[in-house]
Amino acid sequence: MTTTTTRADPGATRKARRTLIMIAVAVIAPVALSYFFYYVAPRAAFTNYGELLPTASLPDLAGTTIDGQPFRLADLHGKWTILVPAGGACDAACGETLYATRQARTMQGKDMDRVARAWIVTDDAVPAPERLAEHPGIVVARLPASEVAKLPKGGSAVVLMDPLGNQVLAWPRQPDPKPLAKDLSRLLKASRIG
C-alpha cells in the first residue's frame with residue numbers, strides 16, 4: 001500500500017499567512033495606537049477659559065432696571081446669559097469687559113441670538129448714555145449690594161448663567177474675548193436648550 005503525500009502549494013501558503021497577518025494587524029493596531037496616543041503622544045489640552053462652577057441654581061436676585069422697573073434674575077431665563085457686575089460709572093476696565101462680552105456674543109454667528117448679556121449695576125451711579133449706546137440690546141439692572149454678594153465669586157467675576165438659571169462658568173473681571181467666545185461656542189454646540 002502506498003500513501004501519497006500532498007504538498008501544499010507554496011503560493012497558497014504565503015497567501016494564507018499574509019491574510020492571517022493582515023487580520024492580526026487589523027485587530028491589534030487600533031489598540032496599540034490608542035495606547036500610543038494616550039501615553040506617548042502629546043494631547044491638546046481641552047480646558048475651559050472660564051472656571052467651571054458647581055452645578056447650582058443662581059438665587060432669584062431682585063432689583064430694578066435703570067428706568068425704575070422691577071427686575072428679577074429669573075426674567076433672563078431662556079437664554080445663555082453673561083452677567084457683568086460693574087459700577088454704573090463704568091471705567092475703562094468695565095468698558096473693556098462689556099466690549100469683550102459683546103464680541104464673544106457676536107462671534108457665535110447664527111447662534112448669537114441664544115446668548116444675552118446683562119450689566120448688573122452694583123452701585124448708585126447712573127450709566128452714561130454713550131456707554132449704553134455702545135451696547136445695544138444689553139439688559140441693565142441695578143441690584144443692591146446684598147443681592148450682588150449672592151452672585152458667584154461675590155460679584156467679582158463675569159458669570160455665565162444657563163437658560164434654566166444655573167451658574168455655569170466664571171470668567172476673569174477683564175476677559176479675553178476669543179477664549180470667552182470659544183467657551184460659549186462649545187456650550188452652545190453641546191446644548192439643545194436656550
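Small disclaimer: the values here were computed from a predicted structure and weren't measured.
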Could you list who else is in Val126's hydrophobic cluster, with ILVMFWY side chains joined at under 4.5 Å, directly or through other members?
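Traced through the cluster, Val126 reaches no other member.
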How is the hydrophobic cluster of Val25 composed, in terms of its other members, when Ile, Leu, Val, Met, Phe, Trp and Tyr link through side-chain heavy atoms under 4.5 Å apart, directly or indirectly?
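Via sub-4.5 Å side-chain contacts, Val25 links to Ile21.
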Those residues that, when tested against [X], pass side chain to side chain donor-acceptor pair (under 3.5 Å) (two or more places apart):
{"X": "Thr101", "answer": "Arg117"}
{"X": "Arg72", "answer": "Asp60"}
{"X": "Thr64", "answer": "none"}
{"X": "Lys182", "answer": "none"}

Ala116: what forms a side-chain contact (heavy atoms from CB on, under 4.5 Å) with it, not counting sequence neighbours?
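So Ala116 forms a side-chain contact (heavy atoms from CB on, under 4.5 Å) with Lys79, Thr81.
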By salt bridge (Lys or Arg N to Asp or Glu O under 4.0 Å) - contacts of Arg131 (at least two apart):
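Per chain and number, Arg131 pairs via salt bridge (Lys or Arg N to Asp or Glu O under 4.0 Å) with Glu134.
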Only pairs under 3.5 Å count here: list side-chain donor-acceptor contacts from residues 187-194, not counting sequence neighbours, and write none if there are none.
{"residue": "Ser191", "atom": "OG", "partner": "Ile193", "partner atom": "N", "Å": "3.0"}
{"residue": "Ser191", "atom": "OG", "partner": "Ile193", "partner atom": "O", "Å": "3.3"}

For [X] versus [Y], what's the shortest heavy-atom pair and its separation?
{"X": "Thr97", "Y": "Arg173", "value": "OG1-O, 2.6 Å"}
{"X": "Thr65", "Y": "Pro70", "value": "CG2-O, 4.4 Å"}
{"X": "Tyr49", "Y": "Pro175", "value": "OH-CA, 3.5 Å"}
{"X": "Pro144", "Y": "Ala62", "value": "CD-O, 3.6 Å"}

N/O donor-acceptor pairs under 3.5 Å from side chains in residues 163-170, not counting sequence neighbours:
{"residue": "Asn166", "atom": "OD1", "partner": "Ser57", "partner atom": "OG", "Å": "3.1"}
{"residue": "Asn166", "atom": "ND2", "partner": "Asp162", "partner atom": "OD2", "Å": "3.1"}
{"residue": "Gln167", "atom": "NE2", "partner": "Pro54", "partner atom": "O", "Å": "2.9"}

Can you list, pair by pair, the side-chain donor-acceptor contacts under 3.5 Å of residues 86-96, counting residues two or more places apart and other chains?
{"residue": "Asp91", "atom": "OD1", "partner": "Ala93", "partner atom": "N", "Å": "3.3"}
{"residue": "Asp91", "atom": "OD1", "partner": "Cys94", "partner atom": "N", "Å": "2.9"}
{"residue": "Glu96", "atom": "OE1", "partner": "Gln174", "partner atom": "NE2", "Å": "3.0"}

What residue pairs, at least two apart or across chains, pass side chain to side chain donor-acceptor pair (under 3.5 Å) with a residue in residues 140-161?
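As it turns out, the side chain to side chain donor-acceptor pair (under 3.5 Å) pairs with a partner in residues 140-161, which skip direct neighbours, are Glu51-Lys153, Glu147-Lys150.
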